[in-house]
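Notes to accompany the following structure.
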Number of protein chains: 2
Amino acid sequence: MEIKEVFAQNLRAARQQKGLSQEELAHRAEIDRTYISSLERSIYNASIDVVERLAIALEIQAADLLRRPPSDT
Amino acid sequence: MEIKEVFAQNLRAARQQKGLSQEELAHRAEIDRTYISSLERSIYNASIDVVERLAIALEIQAADLLRRPPSDT
DNA sequence: TTGTGACTTGTAGTCCGTT
DNA sequence: CAACGGACTACAAGTCACA
């Protein structure tokens with residue numbers, strides 16, 4: 001499993017946990033709505049500043065968005 | 001402090017902890033030596049696949065390379 | 001052994017839309 | 001509300017010569 005897939009899953013899970021739509025998250029993180037959609041579908045390898053902006057908007061640690069599930073380690 | 005600076009410091013610290021030169025790490029991670037030099041000088045916002053390749057070469061977690069020092073939180 | 005400048009190429013990231 | 005397309009711009013990715 002590639003890191004961008006891990007990131008995609010963590011991102012979607014964290015966003016839904018907060019009850020946010022892609023558009024609301026996009027606004028908070030100042031990132032394009034369609035790009036967040038792409039990230040959740042594992043299209044791109046986000047750069048670390050995008051990871052951090054999303055983490056801040058989601059009120060979690062940037063490192064948490066890259067954390068692999070226990071079953072995968 | 002920007003995330004790329006956090007990453008740069010963590011990268012250099014982890015590399016030196018392993019007693020590796022930039023060139024040796026470059027070889028292990030299959031990344032150009034001068035690019036690693038750039039990353040350690042906070043030139044770029046690395047993408048998450050590069051972060052992971054370096055983490056694997058350093059035998060640490062990708063998330064650890066993004067972790068901010070306690071004094072910074 | 002590492003830093004740096006100059007450069008090219010590939011992909012990250014934006015903005016418009018439709019389904 | 002989200003998936004998806006095309007066309008674009010910005011910047012990461014990768015290479016080289018040299019200090």
Side-chain angles (χ1 to χ4, degrees), chain A residues 1-69 72, chain B residues 1-69 72:
Chain A
M1 186 186 218
E2 294 179 39
I3 190 74
K4 65 181 173 187
E5 295 172 317
V6 172
F7 174 71
Q9 290 182 8
N10 289 338
L11 175 59
R12 176 160 291 179
R15 177 177 64 79
Q16 293 178 340
Q17 189 111 19
K18 289 280 175 182
L20 296 173
S21 66
Q22 291 179 349
E23 191 158 350
E24 288 169 326
L25 176 57
H27 181 69
R28 287 195 192 193
E30 295 182 275
I31 289 174
D32 193 77
R33 166 184 65 80
T34 67
Y35 186 55
I36 293 194
S37 171
S38 300
L39 290 178
E40 288 192 358
R41 284 176 289 125
S42 310
I43 306 287
Y44 299 115
N45 280 295
S47 62
I48 58 178
D49 65 325
V50 165
V51 173
E52 169 153 88
R53 275 151 64 198
L54 289 168
I56 291 172
L58 291 166
E59 300 177 297
I60 59 178
Q61 297 294 317
D64 293 334
L65 286 174
L66 293 190
R67 190 155 289 126
R68 289 179 179 275
D72 191 66
Chain B
M1 187 186 216
E2 295 180 39
I3 191 72
K4 66 180 174 186
E5 294 172 320
V6 172
F7 174 71
Q9 289 182 9
N10 289 339
L11 175 59
R12 177 160 290 179
R15 177 177 65 78
Q16 292 178 339
Q17 189 110 17
K18 288 281 174 181
L20 296 173
S21 65
Q22 290 180 349
E23 191 158 349
E24 288 168 326
L25 176 57
H27 181 70
R28 288 196 190 191
E30 298 183 89
I31 290 175
D32 194 81
R33 176 191 71 75
T34 65
Y35 187 56
I36 293 188
S37 171
S38 300
L39 291 179
E40 289 192 356
R41 283 175 291 125
S42 311
I43 304 291
Y44 299 116
N45 280 295
S47 63
I48 59 178
D49 66 326
V50 166
V51 173
E52 170 152 87
R53 274 151 67 198
L54 289 168
I56 291 173
L58 291 166
E59 300 175 298
I60 59 177
Q61 299 292 318
D64 293 335
L65 287 174
L66 293 191
R67 192 154 287 126
R68 288 180 179 275
D72 191 65

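Letters A, B, ... are given to chains in the order of the sequence lines, protein chains preceding strands, and every chain is numbered from 1.
Among the nucleotides D:dA2, C:dT14, C:dG13, the one closest to the side chain of A:Ala46 is C:dG13. Distances were taken from every side-chain heavy atom of B:Glu23 (C-beta onward) to each of C:dT14, D:dA3, C:dT2; the shortest belongs to C:dT2. For A:Arg12, taking side-chain heavy atoms from C-beta onward, the closest of the listed nucleotides D:dA3, C:dT14, C:dT2 is D:dA3. Side-chain proximity of B:Ser21 to D:dA12, C:dT14, C:dT2: nearest is C:dT2.
Atom pair A:Ile43:CD1 and D:dA2:P shows a separation of 16 Å (rounding to whole Å applied). Between A:Leu20 atom CG and D:dA2 atom C1' there is a gap of 15 Å when expressed in whole angstrom units. Between the C1' atom of C:dT1 and the CD atom of B:Glu24 lies a distance of 10 Å, rounded to the nearest Å. In this structure, B:Ile48 atom CD1 and D:dA12 atom P are separated by 15 Å, rounded to whole Å. The distance from atom CG of A:Asp32 to atom P of D:dC1 is 16 Å, rounded to the nearest whole Å. Following rounding to the nearest Å, A:Asp49 (CG) and C:dA12 (C1') show an atom-to-atom distance of 10 Å. Distance CD (A:Glu40) to P (D:dC4): 12 Å, rounded to an integer number of Å.
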Chi angles and distances behind the side-chain contact (heavy atoms from CB on, under 4.5 Å) call for B:Arg41, B:Lys4: CA-CA 9 Å; B:Arg41 283 175 291 125; B:Lys4 66 180 174 186; over 6 Å; no
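Comparing the same atom, P, in D:dG14 and in C:dG13 gives a spacing of 15 Å after rounding to whole Å.
Within 4.0 Å (heavy atoms only), A:Ile31 reaches sugar-phosphate atoms of the nucleic acid but no base atom. Among the heavy atoms of the strands lying under 4.0 Å from B:Ser47 are primed sugar atoms or P, OP1, OP2 only; no base atom is included. B:Thr34 comes within contact range of at least one nucleobase, with a heavy-atom separation under 4.0 Å.
Taking 3.5 Å as the limit, the base of C:dG3 and the side chain of B:Arg33 contain a donor-acceptor pair of atoms between them. Checked by distance alone, A:Arg41 brings no side-chain donor or acceptor within 3.5 Å of a matching partner on the base of D:dG5.
Nearest heavy atoms, B:Leu58 versus B:Arg15: CD2-CA, 3.7 Å.
Remark: C:dT1 base-pairs with no nucleotide; criterion is Watson-Crick or G-U wobble with both hydrogen-bond distances under 3.5 Å.
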